[in-house]
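Everything numeric in this text was worked out from a predicted model, so none of it was measured. For ligands, and for the atoms within them, numbers begin at 1 and follow the listed sequence. Quick note: numbers below take in every heavy atom, side chains included, and nothing from hydrogens, waters or symmetry partners.
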Amino acid sequence: MALIELRSLTKVFQMGENEVHALAGVSLDIENGEMLAIMGPSGSGKSTLMSIIGCLDVPTDGSYSLDGQTVEKLKDSQLAQVRNQKIGFVFQQFNLLSRTSALENVLLPLGYSGLGARASREKALKALEMVGLTDRVRHHPAELSGGQQQRVAIARALVNEPAILIADEPTGALDSKTGEEIMGLFQRLHSDFGQTVILVTHDPFVARHTRRIVRLSDGLITSDTANPNPIAAGTPRPELEM
Ligand SMILES: Nc1ncnc2c1ncn2[C@@H]1O[C@H](COP(=O)(O)OP(=O)(O)OP(=O)(O)O)[C@@H](O)[C@H]1O
Ligand SMILES: [Mg+2]
């Protein structure tokens, strides 16, 4: 059984008199430890799909099994619990709290974990170490570069040791060199720690850093292809794709 099994997922939003079919029947398996990219034009349903995979939202129809659990049958409180335990989110705009340090930002998701202060701090420091920010733990977001802020956001996403890391346009707000550093970090989390990573991007060059590329169009999967030779992070972008 795959970590994620989606079967004929649909998501319909009611907008006044109109229905928006954001997902029109998506079936997809994602294995534990995979790193893949979801691509597609604006409005094709990428973020909607990530909200459902990330247990932020439920499908209108179809089924979703996560780690053997049937997600669409869960109550809201159970859904929140699965989300907190199994999912880490990273967004384009880092969504950090500006008035607190990197360490406090990473500590936040541990608030409900029942861990003591010392154990929480150790976990948060370990997550910051994984993203290479050991020397910046007391800095506030405004005192960090964009790439460093995204690293704090990734450490925050990792601190609960989630089964799945979901990153929606994680390099969208970064220059191409910093974007490459962040892609290198995702690649290392995947190769060294077996982290499952689902990356959403509209950028084909970013997508080619992964071994599998799934394309969405109008709420449907139009292709699902293997990329046997992923781009190594740090590779300059070819001129034509600038
Ligand atoms: N909460 C909502 N209410 C109504 N319609 C929505 C809602 N969320 C998304 N949609 C619609 O569903 C479709 C898919 O949106 P989605 O955000 O998933 O696209 P996307 O592929 O992530 O696009 P982008 O690349 O611009 O981020 C769009 O037509 C959008 O307008
Ligand atoms: Mg989106």
Q.
Donor-acceptor pair, distance only, cut-off 3.5 Å: does the side chain of Ser51 make one with the backbone of Leu56?
A. no
Q.
Given 3.5 Å as the limit, does a donor-acceptor pair link the side chain of Arg215 with the main chain of Met39, or not?
A. no
**Q.** Leu189/Val131 under side-chain contact (heavy atoms from CB on, under 4.5 Å): CA gap, chis, key distance, verdict
**A.** CA-CA 9 Å; Leu189 293 169; Val131 303; 5.6 Å; no
Q: Please name the residue in the list His190, Gln187, Glu180 that meets the side chain to side chain donor-acceptor pair (under 3.5 Å) test with His209.
A: Glu180
Q. In terms of hydrophobic clusters joined by side-chain contacts under 4.5 Å, are Phe91 and Ile154 together?
A. no
Q: Identify the two heavy atoms, one from Gly179 and one from Thr171, that lie closest to each other, and give their separation to 0.1 Å.
A: O-CG2, 3.7 Å
Need the list: ligand 1 N/O atoms against protein N/O atoms, distance under 3.5 Å, rounded to one decimal.
residue	atom	partner	partner atom	Å
ligand 1	18 (O)	Ser47	N	3.4
ligand 1	18 (O)	Thr48	N	2.9
ligand 1	18 (O)	Thr48	OG1	2.6
ligand 1	19 (O)	Gly45	N	3.4
ligand 1	21 (O)	Ser44	N	3.2
ligand 1	21 (O)	Ser44	OG	3.4
ligand 1	21 (O)	Gly45	N	3.1
ligand 1	21 (O)	Lys46	N	2.9
ligand 1	21 (O)	Lys46	NZ	2.8
ligand 1	22 (O)	Ser47	N	2.9
ligand 1	22 (O)	Ser47	OG	2.9
ligand 1	23 (O)	Gly43	N	2.8
ligand 1	25 (O)	Lys46	NZ	2.7
ligand 1	26 (O)	Ser42	OG	2.5

(Q) For the Mg ion (ligand 2), what is the number of protein N, O or S atoms at a distance under 2.8 Å? (A) 1
Q | Derivation of the side-chain contact (heavy atoms from CB on, under 4.5 Å) call for Ile198 and Leu165 | A | CA-CA 6 Å; Ile198 308 176; Leu165 188 60; over 6 Å; no
Q | Side-chain heavy atoms of Ile30 within contact of Arg212, under 4.5 Å | A | yes
**Q.** Beyond-backbone contact of Met35 with Thr196, side-chain heavy atoms, under 4.5 angstrom
**A.** no
